[in-house]
Engineer: 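Below you will find the structure I want to go over with you.
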Amino acid sequence: MKELMVLGGGQLAWMDAPSPALGSPRSALVRPIASASCDLDRRLIAGMTPFKPPFALGHECVAEVLEVGEEVRGVRRGDLVSVPWKIACGECPQCRAGRFTACTAVPRHAAYGVPAGGNWGGLFSEVVHVPFADAMLVPLPPGLNPLAVASASDNLTDAWVAASRPIATRDDARVLVVGGTESLGVLAVQMAVAAGAAEVDYLDDSDYRLDLARKSGANVELDRVLDERYDVVVSATRDPQALHRGLLALAPGGHCSCIGIIFEDPKIPLFGMYLRDVTLSVGVCNVRPHIPKVFDLVATGRCDPLLVSPSVVSCEEATEALIQPLAKCIVVRERIT
Ligand SMILES: [Zn+2]
Ligand SMILES: [Zn+2]
């Protein structure tokens, strides 16, 4: 089978690899049919992260189930499923507490698409081994477009959690989304609107994304100096200074969800935050429990993830498309079940 490998030096290539086998009665083999680029992928390809190549790319996909172990009950051959980026057993104390990202049944950080916690392959690969099928895989409801939820494995659900959690505890929340990566900011705008925000402002320096944010329901005509008016800030930027601006735009009692990955230590305006009694949440997204809700939002038209994924390409086109700047892209593969 073929894997899409990050080779270093900005190089990406399809390479032959042994087809995975069912590892246990609880496992499954799946074939991605719609794999989306995560906002981290271009930095992984470019070598701008701590993760060193070679490794298989991809942590967002909808897949068809090829084969399941004898103890798997939730899915069967031919089902379409979302495959969460994080490997998790669903049964250890951390998983039972809802923290799939801290599963203790596998090495720390075990995940698809990054060389951390072992080699689990990537979600652009032709065949993917899922060690805990019932705990991880989420079947798509009938009629849901796989392309629209290709990103539910990571970015789309991350945006929902980051926006909806703080909005849910505030009346008439005024929201600022600080954009900067390919999709997370615009998705967060859509999710803030879906979560019932009273108003959503969007800050970015990309005209392309400002236009998408406007189409998603945000006001993008912001003053140069942001006043302290926002109950919720979603920071989806990799720029430490943009995060800093967002934090200082929080109203008293406000909350900032930081979902843009910043590898260096940014300057955090703690005293300004102290004076306003604000909170900052940061963390790898625990997507699995929230994927059904995201399916519902897409199915009912309350968000439109395809707005940020303008390119849908074949596997042959993937190596070129995935290094293009700006937009999220989806790589498709024919079904065989
Ligand atoms: Zn990701
Ligand atoms: Zn676990």
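Counting convention: from 1, in listed order, for ligands and their atoms alike. Computed from a prediction, not measured in an experiment: that's the story for all the values here.
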Engineer: Check whether more than 12 heavy atoms from other residues, nucleotides or ligands sit under 6.0 Å from atom NZ of Lys267, and answer yes or no.
Structural biologist: no

Engineer: Is Glu182 paired with Arg43 through a side-chain N to carboxylate O contact shorter than 4.0 Å?
Structural biologist: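 No, this pair does not count.
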
Engineer: Indicate yes or no: at least one non-hydrogen side-chain atom of Ser235 is less than 4.5 angstrom from one of Cys256.
Structural biologist: yes

Engineer: Can I get a per-line list of side-chain donor-acceptor pairs under 3.5 Å for residues 287-294, giving both atom names and the distance, sequence neighbours left out?
Structural biologist:
| unit_1 | atom_1 | unit_2 | atom_2 | d |
| --- | --- | --- | --- | --- |
| Arg288 | NE | Ala135 | O | 2.9 |
| Arg288 | NE | Met136 | O | 3.0 |

Engineer: Side-chain contact, heavy-atom cut-off 4.5 Å: Asp201 with Val177?
Structural biologist: no

Engineer: Near the Zn ion (ligand 2), which protein N/O/S atoms are found at less than 2.8 Å?
Structural biologist: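 Near the Zn ion (ligand 2), below 2.8 Å, one finds Cys89 SG, Cys92 SG, Cys95 SG, Cys103 SG.
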
Engineer: With a 4.5 Å cut-off on side-chain heavy atoms, are Glu264 and Arg238 touching?
Structural biologist: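 No, too far: nothing below the 4.5 Å cut-off.
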
Engineer: For Tyr274, look at atom OH and say whether over 12 heavy atoms of other residues, nucleotides or ligands are found less than 6.0 Å away.
Structural biologist: no

Engineer: What pairs of donor and acceptor atoms, side-chain ones from residues 68-81 against any protein atom, are under 3.5 angstrom apart with sequence neighbours left out?
Structural biologist:
| unit_1 | atom_1 | unit_2 | atom_2 | d |
| --- | --- | --- | --- | --- |
| Arg73 | NH1 | Glu70 | O | 3.0 |
| Arg77 | NH1 | Leu66 | O | 3.0 |
| Asp79 | OD2 | Arg76 | N | 3.0 |

Engineer: Kindly indicate whether the side chain of Arg209, heavy atoms from C-beta on, has any atom under 4.5 Å from the side chain of Val308.
Structural biologist: no

Engineer: What's within reach of the Zn ion (ligand 1), meaning protein N/O/S atoms under 2.8 Å?
Structural biologist: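 Listed by chain and number, the nearby protein N, O or S atoms are Cys38 SG, His59 ND1, Asp154 OD2.
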
